[in-house]
Amino acid sequence: MNFSQQLIDWYIVNKRSLPWRDTKNPYYIWLSEVILQQTRVNQGLPYYKSFVKKYPTVEDLAHAPQDQVLKLWQGLGYYSRARNLQTAAVQIIDNNSKFPDNYKDLLRLKGVGEYTAAAIASFAYGEAVAVVDGNVYRVLSRIYGVATPINIPAGVKEFKSLAGKLLDKNDPATYNQAIMEFGALQCVPKNPNCNICPFINNCVAYQENRITELPVKIKKTKVKNLFHHYLVIQTPSGKTVLSQRDTSSIWAGLFEFPYIESSGALLPQEITTNKLFRELVGGSRFRESVYNQQPIVHKLSHRKVHAYFWIIEVDEELSHSIDIIEVKTKPVHVLMERFIKEFWQKK
Ligand code: SF4
C-alpha cells in the first residue's frame, strides 16, 4: 500500500478548515501548536484568534507585559508554556528578529520540543521531518501492529524511525497534517469507525482485533511522597541515638537516626511535642534547630523520601546513646550518608 498517498487522499476529503492551516507564517503555526498542546481544537481556536489579534507579530509578543500574556492564556493551564512562549519570542528578537527556519534551530527556542519543532519546520518551511505526537503513535501502532510501549525510549525510537520512513518527503507539510488529522478524526482512541477507514484491509489492529490494545503504554506506578524528620540528638559528651531498620523495610538492617513520619513539612513545635521525641529526650532540656530547611530528596522506584534533619542538643546524657564517632562506622542508607558527609565530616 502507498501509505502516505492514501493518507493524503483521505485528508484532502476530510480535513477541517482551520486558520493555522492557511498560513506559512511560522509564528502563527508555533502559537497554534503550543495552544493545541493544552486543549482541543474547538477550545483552542478562540485563544489562537485572541493571541494573533493582540500580538500579530513575534515582536508584539516579545514586548508585551508578561501579566497581559498570562491573562490571555488564562484557562489553558500550564502557565509555564505561556512564559516559555514569550521567552522564546524574546530570543527571536535578540537574534535580529530572525525566526529560526529549520528543525535544529527551532529546538533552541525555549519550550520548543521535538514535536513542535517538527511541526513548524514542516508546515512553514517544508522541511522533511516527521511529527510524532499522540495521534501519530496511535495511528502507526494500529496500522502496523507495533506493540512496543510508546512511553519507553525504545518505543519512542522505533516510532520515530517508522514515522521518518513513511513521511512523504515531497510534501511533508501535508503528510504531517494528514496523519495528525487522521488520528484526531478517524483513528480515534475509543471506538474508531473502522468501516469507513481507507486502511481497513491493511490495518493490523483491525485484522487481528487488537484495536483496544494499541498503542501500548506502560502504566507508571504512582510515586508516593514520604516525609521523614530525623532526630539528630547530641548530648553534652558528644553522643547520639541511632536505631536500626527491621528486615522487612526498605533499607533493611541499616542504621539511621530515629525519625518521625508525616505528610509534609513540620514546625519545630510539632517535632518537640511528638511522642517519639518525648520518649527520646525525656525530661532533659533541649535546644532544637532544623539542619536543612530544604529536604534532602531521594527517589526510589515508587517512593520519594523527603528528609529533614533536626539537630536536638540536650543537656543530659541519655541511655542507649552511642558516640557520634561510632555512627560513621555503621552501615547507613543514602540519606544518612549525605547528612553525615555534609554535617559531621566537615567538622
Ligand atoms: S481500521 Fe480502524 S484501527 Fe485501523 S487505522 Fe482504520 S480506524 Fe484505525
Side-chain angles (χ1 to χ4, degrees), residues 1-18 20-21 29 32-33 35-45 113-123 126-220:
M1 100 177 126
N2 183 339
F3 176 74
S4 65
Q5 196 48 57
Q6 262 184 290
L7 192 65
I8 290 172
D9 289 348
W10 174 92
Y11 177 67
I12 290 166
V13 175
N14 295 284
K15 71 175 175 177
R16 290 167 290 184
S17 167
L18 298 168
W20 50 84
R21 289 199 172 136
I29 291 167
S32 72
E33 289 303 329
I35 291 169
L36 291 180
Q37 279 165 27
Q38 292 301 121
T39 190
R40 293 173 179 278
V41 165
N42 285 349
Q43 283 86 37
L45 197 52
E114 291 183 4
Y115 163 76
T116 312
I120 304 170
S122 60
F123 302 162
E127 188 175 340
V129 271
V131 291
V132 184
D133 71 345
N135 287 320
V136 177
Y137 279 123
R138 189 169 56 255
V139 170
L140 296 185
S141 70
R142 285 177 175 171
I143 294 181
Y144 290 89
V146 184
T148 316
I150 60 172
N151 57 340
I152 60 168
V156 173
K157 203 171 156 197
E158 188 174 343
F159 279 96
K160 259 170 88 176
S161 157
L162 179 59
K165 280 184 203 142
L166 294 168
L167 178 74
D168 183 337
K169 312 282 186 301
N170 295 320
D171 192 356
T174 308
Y175 171 88
N176 277 339
Q177 295 274 17
I179 194 165
M180 286 160 62
E181 191 77 334
F182 186 77
L185 300 182
Q186 170 60 40
C187 194
V188 291
K190 279 188 189 155
N191 306 320
N193 186 358
C194 299
N195 292 326
I196 56 161
C197 177
F199 297 107
I200 190 166
N201 294 323
N202 309 91
C203 173
V204 174
Y206 180 80
Q207 297 297 332
E208 296 179 2
N209 200 17
R210 291 164 57 203
I211 295 169
T212 52
E213 282 167 38
L214 296 170
V216 175
K217 206 169 179 184
I218 289 179
K219 278 205 182 90
K220 299 220 168 111

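Counting starts at 1 for both ligands and their atoms, in listed order. All figures in this text were calculated on a predicted structure; none of them were measured in a lab.
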Open item on the list: Taking backbone and side chain together, does C197 place any N/O/S atom at a distance below 2.8 Å from atom 6 (Fe) of ligand 1?
Closed with: yes

- [ ] Return the minimal non-hydrogen interatomic distance between N202 and Q207, and the atom names on each side.
- [x] N-NE2, 4.4 Å

Task: Heteroatom test (N, O or S) for C194 near atom 2 (Fe) of ligand 1, limit 2.8 Å - done: yes

Task: Top protein contact for atom 5 (S) of ligand 1, by heavy-atom distance - done: I143 CG1, 3.5 Å

- [ ] Return yes if some donor-acceptor pair links the side-chain N/O of N151 with the main-chain N/O of K217 below 3.5 Å, else return no.
- [x] no

Task: Any N, O or S atom of C203 closer than 2.8 Å to atom 4 (Fe) of ligand 1 - done: yes

Task: Under 3.5 Å: donor-acceptor pair, side chain of T39, backbone of L36 - done: no

- [ ] Would you mind checking which non-hydrogen protein atom is closest to atom 8 (Fe) of ligand 1, with the distance to 0.1 Å?
- [x] C187 SG, 2.5 Å

Task: Protein contact to atom 7 (S) of ligand 1 [nearest heavy atom, distance to 0.1 Å] - done: Q186 NE2, 3.4 Å

TODO: Describe, in one word, how the ring planes of F3 and F199 are oriented to each other, choosing from parallel (under 30°), tilted (30 to 60°) and perpendicular (over 60°).
DONE: tilted

TODO: Please identify which atoms of ligand 1 are closer than 4.0 Å to at least one heavy atom of P192.
DONE: 7 (S)

TODO: Please confirm whether Y11 and Y175 have ring centers closer than 6.0 angstrom.
DONE: no

Open item on the list: Donor-acceptor check, side chain of Q6 to backbone of P198, threshold 3.5 angstrom: yes or no?
Closed with: yes

